[in-house]
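Below is one structure, written out as C-alpha coordinates, with a few remarks after it.
First the proteins, then the strands, lettered A, B, ... as listed; each starts at 1.
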Number of protein chains: 2
Amino acid sequence: MTNIALIEDDIELKELLEKYLNFQEQFKVVLSVISAEDFFAKFMEIEQIDILIMDIGLPGMNGIEALPKIKQKLPNTEVVMLTVHDDSEKVFQSLKNGASGYLLKNTSLETIKESIEQILAGGSPMSPNIARKIVDHFHPKPIEGQKELSIREKEIVLALVDGLSYKLVADRLKISIDTVRQHIRSIYRKLNVNCKAEVISKSYKGEI
Amino acid sequence: MTNIALIEDDIELKELLEKYLNFQEQFKVVLSVISAEDFFAKFMEIEQIDILIMDIGLPGMNGIEALPKIKQKLPNTEVVMLTVHDDSEKVFQSLKNGASGYLLKNTSLETIKESIEQILAGGSPMSPNIARKIVDHFHPKPIEGQKELSIREKEIVLALVDGLSYKLVADRLKISIDTVRQHIRSIYRKLNVNCKAEVISKSYKGEI
DNA sequence: AAGATAATAGCATTTTTATGCGATTAGGTT
DNA sequence: AACCTAATCGCATAAAAATGCTATTATCTT
(Lines give C-alpha, C1' and ligand atoms only; values in the text may rest on other atoms or scores of the structure.)
Protein backbone atom coordinates (compact mmCIF):
# COMPACT_ATOMS: atom_id res chain seq x y z
CA MET A 1 0.00 0.00 0.00
CA THR A 2 1.38 3.39 -1.05
CA ASN A 3 0.50 6.46 1.01
CA ILE A 4 -0.07 9.59 -1.03
CA ALA A 5 -0.48 13.23 -0.03
CA LEU A 6 -1.86 16.02 -2.19
CA ILE A 7 -1.40 19.80 -2.11
CA GLU A 8 -3.72 21.32 -4.70
CA ASP A 9 -5.80 24.45 -4.42
CA ASP A 10 -8.08 23.68 -7.35
CA ILE A 11 -10.77 21.98 -5.27
CA GLU A 12 -12.32 20.20 -8.21
CA LEU A 13 -9.03 18.67 -9.35
CA LYS A 14 -8.05 17.90 -5.78
CA GLU A 15 -11.22 15.92 -5.14
CA LEU A 16 -11.07 14.19 -8.48
CA LEU A 17 -7.51 13.04 -7.84
CA GLU A 18 -8.37 12.02 -4.32
CA LYS A 19 -11.29 9.90 -5.50
CA TYR A 20 -9.44 8.39 -8.41
CA LEU A 21 -6.34 7.45 -6.42
CA ASN A 22 -8.33 6.08 -3.49
CA PHE A 23 -10.25 3.98 -6.01
CA GLN A 24 -6.97 2.23 -6.90
CA GLU A 25 -6.56 -0.46 -4.30
CA GLN A 26 -2.76 -0.08 -4.04
CA PHE A 27 -2.97 3.64 -3.21
CA LYS A 28 -4.30 5.56 -0.25
CA VAL A 29 -4.59 9.32 -0.05
CA VAL A 30 -3.58 10.00 3.55
CA LEU A 31 -3.53 13.80 3.41
CA SER A 32 -5.13 16.24 1.03
CA VAL A 33 -4.78 19.99 1.56
CA ILE A 34 -5.05 23.22 -0.41
CA SER A 35 -1.89 25.03 0.71
CA ALA A 36 1.67 24.51 1.92
CA GLU A 37 0.75 26.10 5.24
CA ASP A 38 -2.03 23.56 5.65
CA PHE A 39 0.42 20.79 4.86
CA PHE A 40 2.93 21.95 7.47
CA ALA A 41 0.14 22.16 10.05
CA LYS A 42 -1.03 18.59 9.46
CA PHE A 43 1.74 16.38 8.11
CA MET A 44 3.07 15.39 11.55
CA GLU A 45 -0.14 13.49 12.27
CA ILE A 46 0.43 11.17 9.31
CA GLU A 47 2.53 8.10 10.05
CA GLN A 48 3.98 7.81 6.54
CA ILE A 49 3.84 9.71 3.29
CA ASP A 50 5.47 7.89 0.38
CA ILE A 51 4.57 10.28 -2.39
CA LEU A 52 3.50 13.91 -2.41
CA ILE A 53 1.82 15.37 -5.47
CA MET A 54 1.79 19.14 -5.34
CA ASP A 55 0.91 22.21 -7.34
CA ILE A 56 3.22 25.19 -7.82
CA GLY A 57 0.67 27.99 -7.95
CA LEU A 58 -0.69 27.84 -4.44
CA PRO A 59 -2.26 30.47 -2.17
CA GLY A 60 0.31 31.74 0.35
CA MET A 61 3.68 30.02 0.05
CA ASN A 62 4.14 28.67 -3.47
CA GLY A 63 5.10 25.09 -4.23
CA ILE A 64 8.69 25.82 -5.19
CA GLU A 65 9.40 27.72 -1.97
CA ALA A 66 7.70 25.03 0.10
CA LEU A 67 9.58 22.17 -1.57
CA PRO A 68 12.96 22.42 0.20
CA LYS A 69 11.24 22.83 3.57
CA ILE A 70 9.16 19.73 2.90
CA LYS A 71 12.15 17.67 1.75
CA GLN A 72 14.02 18.75 4.85
CA LYS A 73 11.30 17.37 7.10
CA LEU A 74 10.39 14.38 4.91
CA PRO A 75 13.58 13.41 3.05
CA ASN A 76 12.21 10.02 2.04
CA THR A 77 9.00 11.32 0.52
CA GLU A 78 9.14 11.53 -3.28
CA VAL A 79 7.63 14.73 -4.59
CA VAL A 80 5.99 15.14 -7.99
CA MET A 81 5.03 18.59 -9.21
CA LEU A 82 1.67 18.74 -10.99
CA THR A 83 1.25 22.16 -12.53
CA VAL A 84 0.31 24.28 -15.52
CA HIS A 85 3.72 26.00 -15.47
CA ASP A 86 5.93 24.78 -18.27
CA ASP A 87 8.64 27.44 -18.19
CA SER A 88 12.21 26.23 -17.79
CA GLU A 89 12.86 28.40 -14.76
CA LYS A 90 10.15 26.68 -12.70
CA VAL A 91 11.14 23.24 -13.95
CA PHE A 92 14.80 23.62 -12.97
CA GLN A 93 14.02 25.28 -9.65
CA SER A 94 11.68 22.42 -8.78
CA LEU A 95 14.30 19.83 -9.63
CA LYS A 96 17.01 21.68 -7.70
CA ASN A 97 14.70 21.95 -4.73
CA GLY A 98 14.17 18.22 -4.65
CA ALA A 99 11.29 17.23 -6.94
CA SER A 100 11.52 13.75 -8.45
CA GLY A 101 8.97 14.25 -11.18
CA TYR A 102 7.22 17.01 -13.07
CA LEU A 103 3.85 16.61 -14.72
CA LEU A 104 1.73 19.12 -16.58
CA LYS A 105 -1.90 19.49 -15.64
CA ASN A 106 -3.13 18.14 -18.96
CA THR A 107 -1.82 14.74 -17.81
CA SER A 108 -4.55 12.09 -17.73
CA LEU A 109 -5.53 10.34 -14.49
CA GLU A 110 -4.35 7.11 -16.05
CA THR A 111 -0.92 8.62 -16.72
CA ILE A 112 -0.76 10.04 -13.21
CA LYS A 113 -1.37 6.57 -11.88
CA GLU A 114 1.40 5.23 -14.11
CA SER A 115 3.66 8.05 -12.95
CA ILE A 116 3.24 7.02 -9.35
CA GLU A 117 4.13 3.47 -10.31
CA GLN A 118 7.22 4.78 -12.12
CA ILE A 119 8.31 6.66 -9.00
CA LEU A 120 7.91 3.51 -6.92
CA ALA A 121 10.05 1.65 -9.48
CA GLY A 122 12.84 4.20 -9.02
CA GLY A 123 12.05 6.26 -12.09
CA SER A 124 11.20 9.90 -12.66
CA PRO A 125 7.92 10.63 -14.40
CA MET A 126 8.15 13.61 -16.68
CA SER A 127 5.78 15.06 -19.25
CA PRO A 128 7.54 14.86 -22.64
CA ASN A 129 7.58 18.63 -23.08
CA ILE A 130 9.26 19.04 -19.73
CA ALA A 131 11.79 16.35 -20.57
CA ARG A 132 12.61 18.30 -23.72
CA LYS A 133 13.43 21.41 -21.71
CA ILE A 134 15.78 19.40 -19.55
CA VAL A 135 17.38 17.68 -22.53
CA ASP A 136 17.86 21.02 -24.29
CA HIS A 137 19.73 22.15 -21.19
CA PHE A 138 22.45 19.64 -22.07
CA HIS A 139 22.63 20.56 -25.73
CA PRO A 140 25.52 22.91 -26.51
CA LYS A 141 24.17 26.28 -27.56
CA PRO A 142 26.09 27.69 -30.50
CA ILE A 143 26.63 31.37 -29.68
CA GLU A 144 26.47 33.45 -32.84
CA GLY A 145 29.56 35.50 -33.55
CA GLN A 146 31.61 33.53 -31.04
CA LYS A 147 34.83 32.11 -32.41
CA GLU A 148 35.61 28.42 -31.94
CA LEU A 149 38.33 27.67 -29.40
CA SER A 150 41.33 25.64 -30.57
CA ILE A 151 42.05 22.22 -29.08
CA ARG A 152 44.81 23.63 -26.90
CA GLU A 153 42.57 26.42 -25.70
CA LYS A 154 39.90 23.92 -24.74
CA GLU A 155 42.51 22.04 -22.69
CA ILE A 156 43.29 25.28 -20.88
CA VAL A 157 39.60 25.83 -20.21
CA LEU A 158 39.28 22.35 -18.73
CA ALA A 159 42.20 23.07 -16.44
CA LEU A 160 40.66 26.37 -15.33
CA VAL A 161 37.36 24.61 -14.61
CA ASP A 162 39.33 22.21 -12.42
CA GLY A 163 40.35 25.23 -10.38
CA LEU A 164 44.03 25.25 -11.35
CA SER A 165 46.19 28.36 -11.11
CA TYR A 166 48.22 29.55 -14.12
CA LYS A 167 51.26 27.87 -12.62
CA LEU A 168 49.49 24.52 -12.23
CA VAL A 169 48.01 24.76 -15.72
CA ALA A 170 51.53 25.29 -17.03
CA ASP A 171 52.71 22.22 -15.12
CA ARG A 172 49.84 20.06 -16.35
CA LEU A 173 50.35 21.00 -20.00
CA LYS A 174 54.16 21.16 -19.75
CA ILE A 175 54.37 24.70 -21.07
CA SER A 176 55.61 27.96 -19.57
CA ILE A 177 53.36 30.16 -17.49
CA ASP A 178 53.73 32.91 -20.07
CA THR A 179 52.29 30.62 -22.70
CA VAL A 180 49.38 29.91 -20.42
CA ARG A 181 48.84 33.64 -20.13
CA GLN A 182 48.95 33.95 -23.89
CA HIS A 183 46.37 31.20 -24.41
CA ILE A 184 44.10 32.70 -21.80
CA ARG A 185 44.35 36.03 -23.56
CA SER A 186 43.13 34.38 -26.76
CA ILE A 187 40.35 32.58 -24.94
CA TYR A 188 39.13 35.81 -23.32
CA ARG A 189 39.16 37.54 -26.70
CA LYS A 190 37.24 34.76 -28.43
CA LEU A 191 34.67 34.43 -25.65
CA ASN A 192 34.38 38.16 -25.01
CA VAL A 193 35.13 37.90 -21.31
CA ASN A 194 37.84 39.15 -19.01
CA CYS A 195 38.12 36.81 -16.08
CA LYS A 196 38.39 33.12 -15.23
CA ALA A 197 35.03 33.12 -13.49
CA GLU A 198 33.18 33.89 -16.70
CA VAL A 199 35.06 31.23 -18.63
CA ILE A 200 34.14 28.63 -16.03
CA SER A 201 30.50 29.71 -16.02
CA LYS A 202 30.31 29.58 -19.81
CA SER A 203 31.86 26.16 -19.77
CA TYR A 204 29.24 24.82 -17.35
CA LYS A 205 26.46 26.48 -19.30
CA GLY A 206 27.58 24.62 -22.43
CA GLU A 207 28.47 27.85 -24.21
CA ILE A 208 31.93 26.71 -25.21
CA MET B 1 4.34 11.12 -43.24
CA THR B 2 7.35 10.83 -40.96
CA ASN B 3 10.61 9.42 -42.35
CA ILE B 4 12.50 7.24 -39.95
CA ALA B 5 16.01 5.77 -40.07
CA LEU B 6 17.38 2.97 -37.89
CA ILE B 7 20.91 2.01 -36.85
CA GLU B 8 20.71 -1.27 -34.97
CA ASP B 9 23.04 -4.21 -35.17
CA ASP B 10 20.70 -6.69 -33.53
CA ILE B 11 19.20 -7.96 -36.78
CA GLU B 12 16.15 -9.44 -35.15
CA LEU B 13 15.25 -6.22 -33.33
CA LYS B 14 16.11 -4.17 -36.40
CA GLU B 15 13.71 -6.11 -38.61
CA LEU B 16 11.02 -6.17 -35.96
CA LEU B 17 11.18 -2.40 -35.58
CA GLU B 18 11.28 -1.92 -39.32
CA LYS B 19 8.18 -4.03 -39.84
CA TYR B 20 6.29 -2.54 -36.92
CA LEU B 21 7.01 1.06 -37.86
CA ASN B 22 6.26 0.52 -41.56
CA PHE B 23 2.98 -1.05 -40.51
CA GLN B 24 1.96 2.30 -38.97
CA GLU B 25 0.61 4.31 -41.84
CA GLN B 26 2.05 7.64 -40.63
CA PHE B 27 5.63 6.29 -40.50
CA LYS B 28 8.04 5.14 -43.19
CA VAL B 29 11.41 3.52 -42.52
CA VAL B 30 13.56 5.10 -45.23
CA LEU B 31 16.93 3.70 -44.11
CA SER B 32 17.83 0.76 -41.92
CA VAL B 33 21.48 -0.16 -41.33
CA ILE B 34 23.58 -2.08 -38.82
CA SER B 35 26.45 0.36 -38.26
CA ALA B 36 27.38 4.04 -38.20
CA GLU B 37 29.74 3.47 -41.13
CA ASP B 38 26.86 2.02 -43.12
CA PHE B 39 24.77 5.03 -42.25
CA PHE B 40 27.42 7.50 -43.41
CA ALA B 41 27.76 5.57 -46.67
CA LYS B 42 24.06 5.69 -47.46
CA PHE B 43 22.34 8.64 -45.80
CA MET B 44 23.03 11.06 -48.67
CA GLU B 45 20.75 9.07 -50.95
CA ILE B 46 17.77 9.70 -48.68
CA GLU B 47 15.86 12.91 -49.37
CA GLN B 48 14.74 13.44 -45.77
CA ILE B 49 15.22 11.79 -42.39
CA ASP B 50 13.00 13.19 -39.66
CA ILE B 51 13.89 10.80 -36.90
CA LEU B 52 16.84 8.50 -36.33
CA ILE B 53 16.61 5.69 -33.81
CA MET B 54 20.03 4.30 -32.99
CA ASP B 55 21.82 1.90 -30.72
CA ILE B 56 24.93 2.76 -28.71
CA GLY B 57 26.69 -0.62 -28.79
CA LEU B 58 27.47 -0.90 -32.49
CA PRO B 59 30.21 -2.69 -34.43
CA GLY B 60 32.91 -0.20 -35.46
CA MET B 61 32.19 3.36 -34.43
CA ASN B 62 29.86 3.38 -31.42
CA GLY B 63 26.65 5.36 -31.31
CA ILE B 64 27.91 8.07 -28.99
CA GLU B 65 30.94 8.82 -31.15
CA ALA B 66 28.83 8.81 -34.29
CA LEU B 67 26.19 11.11 -32.84
CA PRO B 68 27.94 14.50 -33.17
CA LYS B 69 29.04 13.66 -36.71
CA ILE B 70 25.48 12.76 -37.63
CA LYS B 71 24.02 15.90 -36.04
CA GLN B 72 26.60 17.97 -37.90
CA LYS B 73 25.44 16.60 -41.23
CA LEU B 74 21.75 16.35 -40.32
CA PRO B 75 21.09 19.07 -37.78
CA ASN B 76 17.32 18.86 -38.20
CA THR B 77 17.07 15.12 -37.66
CA GLU B 78 15.93 14.22 -34.15
CA VAL B 79 17.91 11.35 -32.68
CA VAL B 80 16.64 8.88 -30.13
CA MET B 81 19.02 6.43 -28.49
CA LEU B 82 17.62 2.92 -28.06
CA THR B 83 20.02 0.91 -25.95
CA VAL B 84 20.59 -1.45 -23.07
CA HIS B 85 23.08 0.96 -21.45
CA ASP B 86 21.57 2.72 -18.47
CA ASP B 87 24.73 4.17 -16.91
CA SER B 88 24.74 7.91 -16.28
CA GLU B 89 27.93 8.45 -18.24
CA LYS B 90 26.40 7.17 -21.48
CA VAL B 91 23.15 9.01 -20.89
CA PHE B 92 24.82 12.38 -20.36
CA GLN B 93 27.27 11.93 -23.19
CA SER B 94 24.40 11.12 -25.53
CA LEU B 95 22.48 14.20 -24.50
CA LYS B 96 25.56 16.43 -24.78
CA ASN B 97 26.22 15.01 -28.23
CA GLY B 98 22.77 15.92 -29.41
CA ALA B 99 20.30 13.12 -28.65
CA SER B 100 16.72 14.24 -28.08
CA GLY B 101 15.50 11.08 -26.41
CA TYR B 102 16.83 8.03 -24.63
CA LEU B 103 14.97 4.74 -24.44
CA LEU B 104 15.98 1.46 -22.89
CA LYS B 105 15.66 -1.70 -24.95
CA ASN B 106 12.96 -3.12 -22.72
CA THR B 107 10.67 -0.43 -24.16
CA SER B 108 7.59 -1.88 -25.88
CA LEU B 109 6.92 -1.29 -29.57
CA GLU B 110 3.78 0.55 -28.56
CA THR B 111 5.82 2.91 -26.36
CA ILE B 112 8.39 3.40 -29.10
CA LYS B 113 5.59 4.47 -31.41
CA GLU B 114 4.35 6.90 -28.74
CA SER B 115 7.90 8.16 -28.27
CA ILE B 116 8.13 9.06 -31.93
CA GLU B 117 4.86 10.93 -31.62
CA GLN B 118 6.22 12.77 -28.58
CA ILE B 119 9.29 13.83 -30.52
CA LEU B 120 7.12 15.14 -33.34
CA ALA B 121 5.11 17.09 -30.75
CA GLY B 122 8.30 18.78 -29.52
CA GLY B 123 8.83 16.54 -26.53
CA SER B 124 11.66 14.29 -25.38
CA PRO B 125 10.85 10.65 -24.81
CA MET B 126 12.75 9.19 -21.93
CA SER B 127 12.50 5.90 -20.09
CA PRO B 128 11.58 6.70 -16.47
CA ASN B 129 14.81 5.22 -15.10
CA ILE B 130 16.82 7.42 -17.43
CA ALA B 131 14.79 10.47 -16.43
CA ARG B 132 15.64 9.68 -12.82
CA LYS B 133 19.36 9.80 -13.54
CA ILE B 134 18.96 13.17 -15.15
CA VAL B 135 16.79 14.48 -12.34
CA ASP B 136 19.28 13.25 -9.75
CA HIS B 137 21.88 15.30 -11.57
CA PHE B 138 20.04 18.42 -10.45
CA HIS B 139 19.57 17.34 -6.86
CA PRO B 140 22.08 18.96 -4.53
CA LYS B 141 24.44 16.36 -3.14
CA PRO B 142 24.94 16.90 0.57
CA ILE B 143 28.70 16.75 1.17
CA GLU B 144 29.46 15.15 4.51
CA GLY B 145 31.32 17.37 6.92
CA GLN B 146 30.66 20.47 4.86
CA LYS B 147 29.19 23.37 6.77
CA GLU B 148 26.06 25.08 5.48
CA LEU B 149 26.58 28.54 4.00
CA SER B 150 24.59 31.43 5.47
CA ILE B 151 22.08 33.32 3.33
CA ARG B 152 24.49 36.21 2.84
CA GLU B 153 27.27 33.85 1.86
CA LYS B 154 25.02 32.24 -0.73
CA GLU B 155 24.34 35.68 -2.18
CA ILE B 156 28.08 36.21 -2.47
CA VAL B 157 28.45 32.86 -4.23
CA LEU B 158 25.76 33.80 -6.73
CA ALA B 159 27.59 37.04 -7.46
CA LEU B 160 30.89 35.19 -7.95
CA VAL B 161 29.17 32.75 -10.33
CA ASP B 162 27.97 35.77 -12.30
CA GLY B 163 31.63 36.64 -12.79
CA LEU B 164 31.68 39.76 -10.61
CA SER B 165 34.89 41.12 -9.06
CA TYR B 166 35.06 41.83 -5.32
CA LYS B 167 34.42 45.47 -6.08
CA LEU B 168 31.28 44.72 -8.10
CA VAL B 169 30.04 42.25 -5.51
CA ALA B 170 30.40 45.02 -2.93
CA ASP B 171 28.41 47.37 -5.16
CA ARG B 172 25.66 44.84 -5.79
CA LEU B 173 25.21 44.01 -2.11
CA LYS B 174 25.84 47.58 -0.91
CA ILE B 175 28.63 46.58 1.44
CA SER B 176 32.33 47.43 1.59
CA ILE B 177 34.90 45.46 -0.35
CA ASP B 178 36.50 44.40 2.93
CA THR B 179 33.25 42.82 4.01
CA VAL B 180 33.14 40.94 0.72
CA ARG B 181 36.64 39.69 1.47
CA GLN B 182 35.52 38.60 4.92
CA HIS B 183 32.52 36.66 3.56
CA ILE B 184 34.65 34.99 0.93
CA ARG B 185 37.11 33.94 3.63
CA SER B 186 34.25 32.24 5.49
CA ILE B 187 32.97 30.61 2.32
CA TYR B 188 36.42 29.23 1.48
CA ARG B 189 36.77 27.86 5.01
CA LYS B 190 33.36 26.18 4.95
CA LEU B 191 33.82 24.71 1.48
CA ASN B 192 37.47 23.80 1.96
CA VAL B 193 38.70 25.66 -1.09
CA ASN B 194 41.01 28.58 -1.73
CA CYS B 195 39.94 30.23 -4.96
CA LYS B 196 36.89 31.58 -6.76
CA ALA B 197 37.16 28.99 -9.49
CA GLU B 198 36.50 26.12 -7.10
CA VAL B 199 33.54 27.90 -5.55
CA ILE B 200 32.00 28.42 -8.99
CA SER B 201 32.59 24.81 -9.96
CA LYS B 202 31.06 23.52 -6.73
CA SER B 203 28.09 25.75 -7.27
CA TYR B 204 27.45 24.35 -10.76
CA LYS B 205 27.97 20.81 -9.52
CA GLY B 206 25.23 21.34 -6.94
CA GLU B 207 27.65 20.89 -4.06
CA ILE B 208 26.60 24.05 -2.28
C1' DA C 1 55.33 33.78 -52.04
C1' DA C 2 52.40 36.09 -49.00
C1' DG C 3 49.10 35.92 -45.36
C1' DA C 4 46.62 33.69 -41.50
C1' DT C 5 46.46 30.93 -37.42
C1' DA C 6 48.14 28.11 -33.59
C1' DA C 7 51.43 27.35 -30.25
C1' DT C 8 55.26 28.69 -27.98
C1' DA C 9 57.88 32.21 -24.80
C1' DG C 10 59.47 36.61 -22.34
C1' DC C 11 59.04 41.05 -19.83
C1' DA C 12 56.65 44.78 -17.50
C1' DT C 13 52.78 46.74 -15.12
C1' DT C 14 48.36 47.25 -13.03
C1' DT C 15 44.50 45.19 -10.94
C1' DT C 16 42.41 41.63 -8.36
C1' DT C 17 42.60 37.90 -5.15
C1' DA C 18 43.85 35.51 -1.11
C1' DT C 19 45.08 35.81 3.49
C1' DG C 20 46.61 37.44 8.27
C1' DC C 21 45.06 40.11 12.13
C1' DG C 22 41.91 42.97 14.60
C1' DA C 23 37.38 45.00 15.69
C1' DT C 24 32.17 46.33 16.42
C1' DT C 25 27.20 45.35 16.46
C1' DA C 26 23.05 42.61 16.71
C1' DG C 27 20.58 38.38 17.72
C1' DG C 28 20.19 34.02 19.65
C1' DT C 29 21.66 30.04 23.17
C1' DT C 30 23.11 28.04 27.36
C1' DA D 1 26.14 36.95 32.22
C1' DA D 2 28.91 34.47 29.10
C1' DC D 3 29.12 32.56 24.62
C1' DC D 4 28.34 31.92 19.70
C1' DT D 5 27.37 33.19 15.07
C1' DA D 6 26.28 36.31 11.29
C1' DA D 7 27.30 40.46 9.30
C1' DT D 8 29.75 44.46 9.10
C1' DC D 9 34.43 47.20 8.28
C1' DG D 10 39.64 48.39 8.19
C1' DC D 11 44.63 47.83 7.17
C1' DA D 12 48.43 45.41 5.27
C1' DT D 13 50.77 42.27 2.22
C1' DA D 14 51.98 38.52 -0.80
C1' DA D 15 50.38 35.89 -4.59
C1' DA D 16 47.82 35.43 -8.72
C1' DA D 17 45.52 37.21 -12.58
C1' DA D 18 44.81 40.41 -16.39
C1' DT D 19 46.79 43.10 -19.95
C1' DG D 20 50.12 45.50 -23.24
C1' DC D 21 53.75 44.59 -26.35
C1' DT D 22 57.03 41.76 -28.81
C1' DA D 23 58.81 37.64 -31.03
C1' DT D 24 59.83 32.80 -33.07
C1' DT D 25 58.39 28.52 -35.27
C1' DA D 26 55.36 25.54 -37.73
C1' DT D 27 51.45 24.68 -40.46
C1' DC D 28 47.87 25.66 -43.56
C1' DT D 29 45.43 28.56 -47.09
C1' DT D 30 45.18 31.48 -50.88
For atom CD1 of B/I175 and atom P of D/dA6, their distance in whole Å:
15 Å

Verify, without hydrogens or angle tests, whether B/S176 (side chain) and B/D178 (backbone) share a donor-acceptor contact under 3.5 angstrom.
yes

Using 30° and 60° as the class boundaries, would you call the ring planes of A/Y204 and B/Y204 parallel, tilted or perpendicular?
parallel

Would you please test A/D50 and A/Q48 for side-chain hydrogen bond (donor to acceptor under 3.5 Å, both in side chains) and show each step?
CA-CA 6 Å; A/D50 301 303; A/Q48 167 128 16; 2.8 Å; yes

So how far off straight is the helix from C/dA1-D/dT30 to C/dT30-D/dA1, going by the axes through five pairs at either end, to 10°?
40°

Considering every strand and a 4.0 Å limit on heavy-atom distances, what is the contact class for B/T179: base, sugar-phosphate, or nothing?
base

Measuring centre to centre across the rings, with the benzene-like ring taken for any Trp, is A/F138 within less than 6.0 Å of B/H137?
yes

Between the protein and nucleotides 3-5 of chain D, which nitrogen or oxygen pairs are less than 3.5 angstrom apart?
none

Identify the residue among A/P125, A/S94, A/S115 that makes a side-chain contact (heavy atoms from CB on, under 4.5 Å) with A/Y102.
A/S94

Sidechain-backbone polar pair: A/T111 side chain, A/T107 backbone, donor-acceptor under 3.5 Å
no

Hey, does the side chain of B/S150 come within less than 4.0 Å of D/dA7's phosphate (OP1/OP2), counting only N and O?
yes

Of all nucleotides in DNA chain C that come within under 4.0 Å of a heavy atom of chain A, which is furthest toward the 5' end and which toward the 3' end?
C/dA6 to C/dC11

For A/P59, what residues pass the side-chain contact (heavy atoms from CB on, under 4.5 Å) criterion, not counting sequence neighbours?
A/D9, A/S35

Evaluation steps, side chain to side chain contact (heavy atoms under 4.5 Å, CB included), between A/Q26 and A/E117:
CA-CA 10 Å; A/Q26 74 272 37; A/E117 285 159 356; 3.3 Å; yes

Just say parallel, tilted or perpendicular for the rings of B/F39 and B/F43, cut-offs at 30° and 60°.
parallel

Do any pairs count as a salt bridge (Lys or Arg N to Asp or Glu O under 4.0 Å) and have a residue in residues 193-208 of chain B, sequence neighbours left out, and if so which ones?
B/K202-B/E207

B/E37 (side chain) donor-acceptor with B/G60 (main chain) under 3.5 angstrom
no

So if I define the base as every atom that isn't primed, P, OP1 or OP2, how would nucleotides 15-30 of chain D read as a B/S/- string at a heavy-atom cutoff under 4.0 Å?
--BBBBBB--------

With the threshold set at 4.0 Å, does a side-chain nitrogen-carboxylate oxygen contact exist between B/D136 and B/R132?
yes

Pair A/I34-A/I7, side chain to side chain contact (heavy atoms under 4.5 Å, CB included): steps then yes or no
CA-CA 5 Å; A/I34 60 159; A/I7 311 180; over 6 Å; no

